[in-house]
Asker: 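Quick one: this structure, given as structure tokens, is what I'll be asking you about.
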Amino acid sequence: MTDSEKLVELEEKISWLEAELEKQSNELTSVYETLDKLKVQFKILYSKVGDPYATRDLKDEVPPPHY
């Protein structure tokens with residue numbers, strides 16, 4: 001293998017790596033955008049439902065309909 005062939009092979013590898021890096025960067029950007037949207041949706045849902053782990057005083061609890 002000559003020096004020029006080695007150089008061409010290295011250039012091809014670098015080109016491939018750059019393309020893969022760009023693809024992964026785009027995918028990661030998409031994941032972060034989705035995560036940001038989910039955070040907003042979760043905040044909206046949480047504000048409507050309230051804290052699901054919060055407890056209320058027994059006097060504030062509504063008895064079941066069969067009582």
Asker: Tell me whether the count of non-hydrogen atoms from other residues, nucleotides or ligands lying under 6.0 Å of CG in D36 goes above 12.
Answerer: yes
Asker: Please confirm whether the backbone N or O of S25 pairs with a side-chain atom of T29, one donor and one acceptor, at under 3.5 Å?
Answerer: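 Present.
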Asker: Tell me, do K37 and T34 make a side-chain contact under 4.5 Å, heavy atoms counted?
Answerer: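 Counting from C-beta outward, K37 and T34 never come under 4.5 Å.
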Asker: E9 and K6: salt bridge (Lys or Arg N to Asp or Glu O under 4.0 Å), yes or no, with the steps?
Answerer: CA-CA 5 Å; E9 187 177 314; K6 288 180 183 177; over 6 Å; no
Asker: Could you give the distance from NZ (K43) to CD (Q41), rounded to the nearest 0.5 Å?
Answerer: 12.5 Å
Asker: So, taking the atom named CG in L21 and the one named CG in L28, what distance separates them when rounded to the nearest 0.5 Å?
Answerer: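 Interatomic distance, L21 CG to L28 CG, rounded to 0.5 Å: 10.5 Å.
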